[in-house]
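Report on the following structure.
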Protein chains: 2
Amino acid sequence: MDAPVRHLDQVKLGQLGHSVGFLLRLAQLRAFDDFFSENGPQGLKPGEFSVLWVIARNPGIRQSVLGQRLMIKRAHMTKLIRTMEDAGFVSRRIPDRDRRAVELTLTPAGEHQVEKAAVLFFDYEQSTGAPLDDREQAVLVALLKKYVGLQGEAQG
Amino acid sequence: MDAPVRHLDQVKLGQLGHSVGFLLRLAQLRAFDDFFSENGPQGLKPGEFSVLWVIARNPGIRQSVLGQRLMIKRAHMTKLIRTMEDAGFVSRRIPDRDRRAVELTLTPAGEHQVEKAAVLFFDYEQSTGAPLDDREQAVLVALLKKYVGLQGEAQG
DNA sequence: CGAATTTTGTTTACAAGGAAACAATCCGCA
DNA sequence: TGCGGATTGTTTCCTTGTAAACAAAATTCG
């Protein structure tokens with residue numbers, strides 16, 4: 001116990017190894033890495049996919065509501081939407097009732113893109129060597145939903 | 001079902017609401033927000049704390065090993081360590097056996113800072129209105145550990 | 001009505017983090 | 001010994017995301 005730590009599994013984490021916040025960060029990085037090793041860097045990035053996916057299920061959704069649900073800040077959402085608009089995937093509409101707002105819908109190209117990407121996005125989660133079996137993964141999902149307050153939401 | 005979605009809990013997430021990757025992102029943001037609403041923006045940031053904490057428990061740890069364990073990329077670790085060094089919390093030492101490497105230890109000021117911050121960091125997780133009870137939180141932690149491959153590691 | 005406040009989105013400036021190229025050192029092996 | 005490759009850390013550049021100030025429209029409430 002005298003030589004400096006030089007190997008990964010000698011590192012002592014103490015309480016940190018039991019910290020929800022720390023483990024969440026590691027887990028997210030892992031999920032991210034898994035995703036990118038499956039689906040190369042081509043195609044939609046996770047954030048872009050989630051935006052298109054939610055617009056597809058909620059046509060005409062307001063930009064602010066979309067941002068709140070996905071926890072994307074307004075400043076960032078502006079850039080994200082502009083990128084998707086430039087790519088020809090979403091169209092913006094200013095409603096008459098509230099001319100500050102922006103209502104979002106997918107273009108046909110956007111619809112097509114989401115369909116294609118959805119297969120990759122939702123398949124990799126199961127197929128990839130996720131170290132959890134189905135039961136464990138279900139429990140994890142349930143706990144995370146409760147943690148983030150996503151319980152009785154409309155999900156259809 | 002005709003008017004555009006304008007309220008948060010009307011938003012339909014579909015499969016996305018059951019996605020581990022998506023939920024992990026939301027959860028991490030929530031944990032982050034919780035932390036910053038408890039402990040103001042003063043003091044150590046989460047990344048800085050984790051670095052100091054691990055150095056405290058593993059004096060002389062190499063910068064590369066620290067980065068691997070905390071999943072911090074080398075380029076970023078360089079900046080983090082420099083910041084901590086400038087703050088007077090960390091000292092760097094080039095060992096003779098391998099003059100590429102850097103061995104890290106805390107200064108007395110660094111030790112003191114970690115002690116002080118640890119209270120905040122580990123207390124907020126329990127105390128804050130975490131929507132999970134103790135049992136649920138324990139299960140969540142266990143599942144996350146398994147997910148990230150943090151099982152038999154030394155944690156003392 | 002009409003001034004103060006709030007909401008919505010954009011812009012601008014910045015911080016956090018990652019990718020790639022680089023320099024220095026060490027290791028393997030003929 | 002010495003050359004090729006791997007490791008370690010740094011630098012530079014770029015992407016992602018945030019904070020703050022702003023503009024325009026809507027809302028509140030006297």
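Naming: A, B, ... by sequence-line order, numbering from 1 per chain.
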Residue whose nearest DNA chain D nucleotide is more 5′ - A/I72 or B/I81: B/I81
N or O in side chain of B/R92 less than 4.0 angstrom from D/dT10 OP1/OP2: yes
Residue mapping more 5' on DNA chain C - nearest nucleotide basis, A/K79 or A/D98: A/D98
Rounded distance in Å - CG (A/L104) to P (C/dT8): 13 Å
Nearest listed nucleotide, side chain of B/A75, among C/dA20, D/dT16, C/dG9: C/dA20
Interatomic distance, A/I61 CD1 vs C/dT8 C1' [rounded to whole Å]: 14 Å
Exam field: side chain B/E136 to backbone B/D133, donor-acceptor pair closer than 3.5 Å: yes
Flag, side chain of B/N58 to backbone of B/I61, donor-acceptor distance under 3.5 Å: no
Value in whole Å for how far the P atom of C/dT25 lies from CD of B/Q63: 16 Å
Phosphate OP1/OP2 of D/dT18 contacted by A/K73 side-chain N/O (<4.0 Å): yes
4.5 Å side-chain heavy-atom contact, B/V114 and B/F89: no
Distance in angstrom units between A/L80 CG and C/dT11 C1', rounded: 17 Å
Heavy-atom check, side chain of B/V51 versus side chain of B/L44, under 4.5 Å: no
Residue whose closest nucleotide on DNA chain C lies nearer the 5' end, A/V102 versus A/R25: A/V102
Side chain B/R74 and base D/dT8 donor-acceptor under 3.5 Å: no
Distance in angstrom units between B/H76 NE2 and C/dA20 P, rounded: 18 Å
Spacing of B/I94 atom CD1 relative to C/dA23 atom C1', expressed in whole Å: 14 Å
Length of the CZ-P vector between B/R93 and D/dT8, whole Å: 17 Å
D/dA25 phosphate, OP1 or OP2, under 4.0 Å from A/R99 side-chain N/O: yes
Nearest-nucleotide comparison on DNA chain D, the residue closer to the 5′ end among A/D96 and A/M71: A/M71
Under-4.0 Å side-chain N/O to phosphate OP1/OP2 contact, B/S64 with D/dT7: no
CG-CH2 distance between B/L13 and A/W53, expressed to the nearest 0.5 angstrom: 10.0 Å
Sugar-phosphate, base or nothing in reach of B/T78, heavy atoms under 4.0 Å: base
Gap between atoms NZ and P, on B/K45 and D/dA19 respectively (whole Å): 12 Å
Sugar-phosphate only, base, or nothing, as touched by A/A101 at under 4.0 Å among non-hydrogen atoms: sugar-phosphate
Minimum-distance nucleotide (side-chain atoms of B/R100 versus D/dG9, C/dG9, C/dA24): C/dA24
Parallel, tilted or perpendicular: rings of B/F49 and B/F122 (30°, 60°): perpendicular
Per B/L29 side chain, nearest of listed nucleotides C/dT10, C/dG17, D/dT18: D/dT18
